[in-house]
**Student:** 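Below is one structure. I have some questions about it.
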Amino acid sequence: VGAELRFATREEVLEEEAFQEAVGAGHMRQWFKLWRAYQMMEAFERSDGIQFDLVLKARSDIEFKQPFDLTDFPELMVARVLYSSMDMAFFCSRAVARTLLADVTAALLNRSGDERRVFPLDYGKLLRSSSG
């Protein structure tokens, strides 16, 4: 499989910055970039007339020491599962990737201004220690 290096255009950077401003959090840019990568994958599929069966997302600072053995992931092609290791990597079927990523930026933009809906953790409860 070949790879293609592509740099963001100035317009794409401005779109990403506008997204960050709208959602009000710099760390949310990773979702914008993931959505953009997903769009690029779909464009490649359309131009080549193929569709990938599986999607692997990995941070650029992660190195896999050996090839994946798909027998270690038997549910990938028959169930809606996602194998993940925090934000470092995830591995899923094409259908699961579509569900997760096709509209992720729109979903986040629709929730902007309501941080409890975007990230509904109650830190007070989560970090509360037992008293006694």
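The structure displayed is predicted, hence computed values, not measured ones.
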**Student:** Given the rule that I, L, V, M, F, W and Y join up when any side-chain heavy atoms are under 4.5 Å apart, are M40 and L56 in one cluster?
**Tutor:**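 No; tracing contacts between hydrophobic side chains, which count when under 4.5 Å, never links both residues.
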**Student:** Under 3.5 Å, is there a donor-acceptor pair between the side chain of S93 and the main chain of V96?
**Tutor:**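 Checking the backbone N and O of V96 against the side chain of S93, a donor-acceptor pair under 3.5 Å is found.
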**Student:** Decide yes or no for R80 and T99: does some side-chain heavy atom of the first lie under 4.5 Å from some side-chain heavy atom of the second?
**Tutor:** yes
**Student:** Keeping E12 on the side-chain end and T9 on the backbone end, is there a donor-acceptor pair under 3.5 Å?
**Tutor:** yes
**Student:** Could you tell me whether the side chain of E45 and the main chain of F52 form a donor-acceptor pair under 3.5 Å?
**Tutor:**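 A pair under 3.5 Å: yes.
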**Student:** When rounded to the nearest 0.5 angstrom, what distance separates CH2 in W31 from OG1 in T105?
**Tutor:** 11.5 Å
**Student:** Do you reckon M77 sits in the same ILVMFWY cluster as L70, going by side-chain contacts under 4.5 Å, direct or chained?
**Tutor:**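 Result: yes, single cluster for both.
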**Student:** Should V55 and F91 be marked as a side chain to side chain contact (heavy atoms under 4.5 Å, CB included) after you check the CA-CA gap, both sets of side-chain angles, and the distance that decides it?
**Tutor:** CA-CA 6 Å; V55 175; F91 195 29; over 6 Å; no
**Student:** What's the spacing between E11 CD and E16 CD if we round to 0.5 Å?
**Tutor:** 13.5 Å
**Student:** With under 30° as parallel and over 60° as perpendicular, where do the rings of F73 and Y83 fit, or are they tilted in between?
**Tutor:** perpendicular
**Student:** Measure from the ring center of Y38 to the ring center of W35 and say whether it is less than 6.0 Å.
**Tutor:**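 Distance test on ring centres: not under 6.0 Å, no.
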**Student:** With the side chain counted from C-beta on, respond yes when V104 and L34 share a heavy-atom pair under 4.5 Å apart, and no when they do not.
**Tutor:** no
**Student:** Could you give the distance from CD (E42) to OG (S47), rounded to the nearest 0.5 Å?
**Tutor:**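 Here the interatomic distance stands at 12.0 Å.
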**Student:** How long is the gap from OG1 on T71 to CG on L76, to the nearest 0.5 Å?
**Tutor:** 11.0 Å
**Student:** Would you indicate whether the side-chain heavy atoms of R94 and M41 approach each other to under 4.5 Å?
**Tutor:** yes
**Student:** Keeping the roles fixed (side chain from D48, backbone from I50), state whether a donor-acceptor pair exists under 3.5 Å.
**Tutor:**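 Checked: no pair found.
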**Student:** Has E21 got more than 12 heavy atoms of other residues, nucleotides or ligands less than 6.0 Å from its CD?
**Tutor:** no
**Student:** Output, in order, the C-alpha distance, side-chain angles, deciding distance and verdict of side chain to side chain contact (heavy atoms under 4.5 Å, CB included) for R36 and E15.
**Tutor:** CA-CA 11 Å; R36 178 62 51 93; E15 184 182 6; 2.6 Å; yes
**Student:** For residues F19 and L14: do they belong to one hydrophobic cluster (side chain heavy atoms under 4.5 Å, members Ile, Leu, Val, Met, Phe, Trp, Tyr)?
**Tutor:**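 No; tracing contacts between hydrophobic side chains, which count when under 4.5 Å, never links both residues.
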**Student:** Rounded at 0.5 Å granularity, tell me how far CG in L101 sits from SG in C92.
**Tutor:** 7.0 Å
**Student:** With a 4.5 Å cut-off on side-chain heavy-atom distances among I, L, V, M, F, W and Y, is there a chain of contacts connecting V81 to L54?
**Tutor:**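 The answer is yes; both residues are in one hydrophobic cluster.
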**Student:** Are side-chain heavy atoms of E17 and R29 found at a separation under 4.5 Å?
**Tutor:**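 The answer is yes, as the side chains (C-beta and beyond) meet within the 4.5 Å cut-off.
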